[in-house]
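Read through the structure below, which is laid out as structure tokens, and then see the notes.
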Amino acid sequence: MLVDSHCHLDFPEFAPQLDAVVQRARDAGIGTCVTIGTTLAKFPNVLAVAERFDNVWCSVGVHPHEGDKEATDAAALIERAQHPKVVGIGETGLDFYYNHSAREPQIVNFREHIAAARALKLPVIVHTRNADPDTVEILRNEMGKGAFTGLIHCFTGTQMLADAALDLGMLISVSGIATFKKSDELRAVLKTVPLDRLLVETDAPYLAPMPFRGKTNEPAFIKNTATMLAELKGVSFDELAEATTNNFFRLFTKAQRPQ
């Protein structure tokens, strides 16, 4: 079994064929998916998808792109995370590449998400782009206030970010970007990450792995990313699948393994 630890099944790209997409994932051996919250305004849609399928869970959060539009606090996140289908907080973090939101609102929201994750003992799902030093500084500072768990989603960062995240006890999640031909530097970093600290994800409908690059991504395609990662780590596909699945349920303690 594989777990797609990060996808966006509530996005409009999936609306006409959501049942088929989830069934294709099941048929491909993907036993669990997490559909990720990006705004509080759209959280009811995210939750509705998770409630519709027994093998789909969800998170609640405000994407850094939305920091100017949705300031949030830990209490608002904690309230929504009481639902049994909510297994994580985020995605949150810093995106200094697109700068769709000013930096200060991103930072404030990031810290509030961590506070909620700490209080609930749920993992925080971290998005970081062109912001490795700031992300590490905030994670270390917040860890000093009290322990929390989490992951770096869709990891494309530096060796410094990977090492810092691992030192803080976090996991590294690998997307289809790692299969791209020009991702040699990324693969070199991922090769240094211990097998028991890795997750796999699609970030669907974005970032389809090779050979589907340019197409609408979906959870079933995660097998291609997992196959590449197994080869990179020098293990069998089954070993990689078992390890990343165990890693997921060890981190996302509120999610239930399928029967």
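Minimum heavy-atom separation, Ala102 to Asp68: N-OD2, 3.1 Å. Nearest heavy atoms, Leu166 versus Arg197: O-NH2, 2.7 Å. When every heavy atom of Ser59 is checked against every heavy atom of Val46, the shortest pair comes out as O-CG1, 4.0 Å. In this structure, Val87 and Phe252 approach most closely via the heavy-atom pair O-CD2, 3.4 Å. Cys58 and Phe43 make their closest contact through SG-CE1, 4.3 Å (heavy atoms, listed as atom of the first residue, atom of the second, distance). The minimum heavy-atom distance between Phe212 and Ala208, with the atom names listed, is O-CB, 3.4 Å.
Among the candidates Asp196, Val3, Leu2, the single residue satisfying the side chain to side chain contact (heavy atoms under 4.5 Å, CB included) test with Thr244 is Leu2. Tested against His127 for a side-chain hydrogen bond (donor to acceptor under 3.5 Å, both in side chains), the candidates Asp95, Thr135, Asp203 yield a single pass: Asp95. Of the residues Glu112, Glu91, Glu70, the one that meets the side chain to side chain contact (heavy atoms under 4.5 Å, CB included) test with Val62 is Glu70. Partner Asp54 forms a salt bridge (Lys or Arg N to Asp or Glu O under 4.0 Å) with one of Arg26, Arg257, Lys85 and no other, that one being Arg26. Of the residues listed (Leu120, Val126, Ile114), the one engaging Ile89 in a side chain to side chain contact (heavy atoms under 4.5 Å, CB included) is Leu120, and it is the only one.
Side-chain atoms of Thr128 and Phe110, non-hydrogen and from C-beta on, never get closer than 4.5 Å to each other. In this structure, the side chains of Tyr98 and Pro64 stay at 4.5 Å or more apart for every pair of heavy atoms. Residues Val22 and Asn55 are in side-chain contact: their nearest non-hydrogen atoms beyond the backbone lie under 4.5 Å apart. In this structure, Leu151 and Ser5 have side chains that are not in contact, with every pair of non-hydrogen atoms separated by 4.5 Å or more. Inter-residue side-chain proximity for Phe248 and Val34 is flagged as met; some heavy-atom pair is nearer than 4.5 Å. The closest side-chain heavy-atom distance from Leu190 to Val174 is below 4.5 Å. At least one side-chain heavy atom of Pro258 sits less than 4.5 Å from a side-chain heavy atom of Met1. Using a 4.5 Å cut-off on side-chain heavy atoms (C-beta onward), Met210 and Met228 make no contact.
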Pair Asp27-Arg24, salt bridge (charged side-chain N to carboxylate O under 4.0 Å, His left out): steps then yes or no:
CA-CA 5 Å; Asp27 294 344; Arg24 285 197 292 270; over 6 Å; no
Decide side-chain contact (heavy atoms from CB on, under 4.5 Å) for Tyr206 and Ser175; before the verdict, give the C-alpha distance in whole Å, the side-chain angles of both, and the deciding distance to 0.1 Å.
CA-CA 10 Å; Tyr206 310 119; Ser175 75; over 6 Å; no
side-chain contact (heavy atoms from CB on, under 4.5 Å) assessment of Leu40 paired with Leu77:
CA-CA 8 Å; Leu40 296 188; Leu77 298 165; 4.0 Å; yes
When you look at Lys223 and Ile30, which way does the side-chain contact (heavy atoms from CB on, under 4.5 Å) test go after all the steps?
CA-CA 8 Å; Lys223 290 185 71 173; Ile30 290 77; 4.1 Å; yes
Does the pair Arg52 and Asp10 meet the rule for a salt bridge (charged side-chain N to carboxylate O under 4.0 Å, His left out), with working shown?
CA-CA 11 Å; Arg52 183 168 159 184; Asp10 67 302; over 6 Å; no
Start with the C-alpha distance between Lys254 and Leu122, add both sets of side-chain angles, then the distance that settles side-chain contact (heavy atoms from CB on, under 4.5 Å), and finish with yes or no.
CA-CA 8 Å; Lys254 198 173 167 183; Leu122 294 178; 4.0 Å; yes
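Following chains of ILVMFWY side-chain contacts shorter than 4.5 Å, one cannot reach Met143 starting from Leu171, and the two form parts of different hydrophobic clusters. Connection of Val189 to Leu199 is not established within any shared hydrophobic cluster, with ILVMFWY side chains joined at heavy-atom distances below 4.5 Å, either directly or through further cluster members. Residues Val108 and Val60 do not share a hydrophobic cluster, defined by chaining ILVMFWY side chains whose heavy atoms lie under 4.5 Å apart. When hydrophobic clusters are built by joining Ile, Leu, Val, Met, Phe, Trp and Tyr residues whose side-chain heavy atoms come closer than 4.5 Å, directly or via intermediates, Leu47 is not grouped with Phe11. Phe221 is not connected to Val200 by any chain of hydrophobic side-chain contacts under 4.5 Å among Ile, Leu, Val, Met, Phe, Trp and Tyr, and they are in different clusters.
Aromatic ring orientation, His153 versus His6: parallel (interplanar angle below 30°, classes split at 30° and 60°).
Separation of atoms CD1 (Ile138) and CG (Asn141) is listed at 8.0 Å; rounding is to 0.5 Å. Distance CE/Met170 to CZ/Phe155: 11.0 Å, rounded to 0.5 Å. In this structure, CD in Glu13 is found 10.5 Å from NE2 in His8, a value given to the nearest 0.5 Å. Between the CG atom in Leu139 and the CG atom in Leu168 there is a gap of 6.0 Å [rounded to 0.5 Å]. Interatomic distance, Ser236 OG to Glu242 CD, rounded to the nearest 0.5 Å: 9.0 Å. The distance from the CD1 atom of Ile36 to the CD1 atom of Ile125 is 4.0 Å, given to the nearest 0.5 Å.
In this structure, Lys145 places its NZ atom where more than 12 heavy-atom neighbours from other residues, nucleotides or ligands lie under 6.0 Å away. For Gln17, the CD atom counts as densely surrounded, since its 6.0 Å shell holds more than 12 non-hydrogen atoms of other residues, nucleotides or ligands. Residue Lys69 qualifies as enclosed at atom NZ: its count of foreign heavy atoms under 6.0 Å is above 12. Around atom CD of Gln159, more than 12 heavy atoms belonging to other residues, nucleotides or ligands sit under 6.0 Å away.
Formation of a donor-acceptor pair under 3.5 Å by the Thr202 side chain with backbone atoms of Cys7 is not found in this model. Panel note: side chain Ser101, backbone Gln106; no donor-acceptor pair is recorded below 3.5 Å. For the pair Asn130 (side chain) and Phe96 (backbone), a donor-acceptor distance under 3.5 Å is absent. The backbone N or O of Leu198 sits less than 3.5 Å from a side-chain atom of Asn247, completing a donor-acceptor pair. Judged by distance alone, with hydrogens and angles left aside, the side-chain atoms of Lys233 form a donor-acceptor pair with the main-chain N or O of Lys191 at under 3.5 Å. No side-chain donor-acceptor contact under 3.5 Å links Arg111 to the backbone of Ile107.
Ser173 and Glu201 share a donor-acceptor pair across their side chains, judged by distance under 3.5 Å alone. Side chains of Gln23 and Asp19: no donor on one and acceptor on the other come within 3.5 Å.
Between Arg118 and Glu142, at least one side-chain nitrogen of the basic residue sits less than 4.0 Å from a carboxylate oxygen of the acidic one, meeting the salt-bridge criterion.
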